[in-house]
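To start, the structure itself, in structure tokens.
Side chains included, hydrogens not; waters and symmetry mates left out as well; all remaining heavy atoms used. Chain letters run A, B, ... following the sequence lines, proteins first and then strands; every chain starts at 1.
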Amino acid sequence: MIAEVIFDIPLERAFTYVVPPGLTVAVGQRVRAPLQGKPRVGIVIGCREGAGDGLKALEATVEPGPLLGPAQLALTRWISKESYSSWGSTCVALVPPLPPRAERVGLPGSATGSAHAHELAASAVSEKALLLTGADRDERLLSLLAEAEGRGLLLLVPEIGTAEAWAGRLQSRLGQPVARLDSGRPEHERWRAWMALERGAARRAVGTRSALLAPVPPPATLVLIDEHDPAHKPPGHPRIHSRAVVLERARLEGHSVILTSPTPSVESWWQADSGRLGRSDGSPGPWPAVTVVDSRGALRGSPLSPALRRGIEQTLARGGQVCLLVTRIASALACGECGFLLRCPDCGIPLAYSRVRRECSCRLCGRRERAPDTCAHCLGRQLAPLGWGAERAEQAVRQAFPRLTVARYDAETVTPAGAPRLRQRWDDGSVRLVIGTRQVLKALPPARARLVGVITPDHLLRLPDFRAGERAFALLWAAAEWLKDRGRLIVQTQHPEHYVIRAAVGQEQAGFYKPELRFRAELGYPPFRRLCVLTIKGRHASGARALADECWRELARLDGLSVYPPAPPGRSAGGLRWRIVVKGGNDLPEQLRPVLTPILDRRRAGPGVVEVEMDPVELI
DNA sequence: AGCACGCCGACT
DNA sequence: GTCGGCGTGCTC
């Protein structure tokens, strides 16, 4: 007996092993096999009769039966083709963690098969998918799930923080235990939860990304919470949005889908507009009093306009709490004389400036360097931070309110372990004012908050990223929804007439989606066309340039695409790194395949490497 | 001659 | 992704 196995490596090929006597394996099963002399974990994708002369032998099976049925394997193949991630890395990323040592199946093992190794649905009978918006969406979701009592359920959240709350809510509403597959739980628990689903001992699960393929019996309901959240396309392989996977899985296996979001992605809104997705808007919900502060000509030296400063003083005097929102953690460093913006010489994006550490760092390549004293361009000495990142805003607020206890909440300052401590200090009122990025709204309860100040969303509105408006809209809407009608929302902006600002503060969704869809249609952005970004990295500037030109020439020969010429990411003259943006139709991955496959297959044999990002969430 | 480093092919 | 073989070039 011979088995074909794929591994977590960036290669499309499978490796062939002989199955030793006493071991039984099936397609979809997880196994250990030697690769480059060391045992590694892979997935069996094929079995056939044969002697297997000269082949190495499988070492062991990990579970007694397959983890992935035919339908899930077909889905992983689809994900791999859509995302240009190898089939092996796709499969390995989407199966549960390894079992605890005691539960491992050694030699010999027996293939028991799973309770429901799902076959492909005979006819794709996925009921119409539903998009839930509105302030009461969670409650309406729970009602829908209660009506579907007895069906399987897989509820996917964008990050671990919300998994616990959802598990609790489901349990108290539906009255049955919910399997936890989110990465917030220990590995052995996640493995056991997956196995319980496999056996049919559980049929409801809450999870994060790695639970996308969890075995729920069809027809089940697949729920994607906060479908607009960029966290649904996290770093790492496979590079694909969970929304796309959930919709395709439902089609293949015959599940139904519910997407929820206060501010749906423009893609999903459009799907609903064109009838491919049902939309249920629910009630608009309570809204805060909103003040839009026109900060044109102001805000040079302080993140606090007089109106916001007064608002903070009054809120504190009445015993309320304050949340100040920034749109990014770090500021950039710019020359006050010539306007030169300090960028990473390799990557071309502005370097993040930390005044505390007196250093600049690159978000892409991780390069760190001491903050310079003089401008490399004009030799001027007026280098100053640009924009209100969390660090700089915090310093300014501490200066303005020296006797106030101020806390900062963002990915850089708060560790998963430190979050409960801050939450405690917020709950007991020892922290009266918190400055943070949008995650702060999920981490802290709004009960005693009476003021939210958005320092400014202008940075988002001016980014050369077609999704920036959507992100600004989502931030403002989330801030208002958090506060409800308990307080005041103050937005400082130099663009008070911008449709993103007007729609958000006016609690009027159509005011955002209508002009946004028009803009995207005119310029050929999603959902009207699909995007792909190629990043070309070379060891030498000349090689990188040559490879970028080659990619560009080859792509330009394909029909039905718009291919933009190679450009350094960001605005500075690059060298080692180039970026090519491609626009195409719904089948963009297939359109690109004849050109990309030979180039990707060369790997490091060429003058550089090419990375493919389909459907990018941010273009910066 | 001896070693460090970087490049490149191979992985069953 | 990761390992190891091998060539270039520098040092003792």
Requested in this report: Could you tell me the separation between the CZ atom of A:Arg239 and the P atom of C:dG1, rounded to a whole number of Å?
Outcome: 12 Å
Query raised in the report: Centre of A:Tyr525's six-membered ring, under 6.0 Å away, within 45 degrees of the axis: is that where NZ or CZ of A:Arg529 sits?
Result: no
Requested in this report: In whole angstrom, give the distance that lies between atom CG of A:Leu58 and atom P of B:dC11.
Outcome: 18 Å
Query raised in the report: According to a strict under-4.0 Å criterion, is A:Lys38 in side-chain N/O contact with OP1 or OP2 of C:dC3?
Result: yes
Query - Rounded interatomic separation in angstrom, taking CD from A:Glu12 and C1' from C:dG1 - result: 14 Å
Query raised in the report: Using Watson-Crick and G-U wobble pairs whose two distances are both under 3.5 Å, how do you write the pairing of DNA chain B as dot-bracket, with | for links to another strand?
Result: |||||||||||.
Query raised in the report: Between the side chains of A:His228 and A:Ser261, is a donor N or O closer than 3.5 angstrom to an acceptor N or O?
Result: yes
Report task. Would you mind telling me which of B:dC8, B:dC11, B:dT12 lies closest to the side-chain atoms of A:Gln36? Result -> B:dC11
Query raised in the report: Quick one: A:Glu611 CD to C:dG1 P, roughly how many Å, whole number?
Result: 8 Å
**Report entry** Contact residues, residues 601-608 of chain A to DNA chain B [heavy atom, < 4.0 Å]
**Finding:** A:Arg604, A:Ala605
Query raised in the report: Rounding to a whole Å, what distance do you find between A:Arg13:CZ and C:dG1:P?
Result: 17 Å
**Report entry** A:Leu35 CG to B:dG9 P, straight-line distance once rounded to whole Å
**Finding:** 19 Å
Report task. Would you mind telling me which of A:Leu181, A:Leu212, A:Val223 makes a side chain to side chain contact (heavy atoms under 4.5 Å, CB included) with A:Leu156? Result -> A:Leu212
Query raised in the report: When the ring planes of A:Phe7 and A:Tyr17 are compared, do they come out parallel, tilted or perpendicular, using 30° and 60° as the limits?
Result: perpendicular
**Report entry** Residue among A:Arg190, A:His188, A:Glu189 satisfying side chain to side chain contact (heavy atoms under 4.5 Å, CB included) with A:Arg192
**Finding:** A:His188
Query - Charged N-O contact under 4.0 Å between A:Glu590 and A:Lys81 - result: no
**Report entry** Donor-acceptor pair between A:Arg209 and A:Ser242 side chains, under 3.5 angstrom
**Finding:** yes
Report summary line: Side-chain atoms of A:Ile9 come closest, of C:dG1, B:dT12, C:dC3, to C:dG1
Requested in this report: Choose from B:dT12, C:dT2, B:dC7 the nucleotide whose nearest atom is closest to any side-chain atom of A:His540.
Outcome: B:dC7
Report task. State whether A:Arg40 places a side-chain N or O below 4.0 Å from either non-bridging phosphate oxygen (OP1 or OP2) of C:dC3. Result -> no
Query raised in the report: Should the pair A:Arg593-A:Asp587 be classified as a salt bridge under the 4.0 Å nitrogen-to-oxygen rule?
Result: no
Requested in this report: Name the closest nucleotide to the A:Pro10 side chain, picking from C:dG1, B:dC7, B:dT12.
Outcome: C:dG1
Requested in this report: Please name the residue in the list A:Arg603, A:Lys537, A:Arg577 that meets the salt bridge (Lys or Arg N to Asp or Glu O under 4.0 Å) test with A:Glu611.
Outcome: A:Lys537
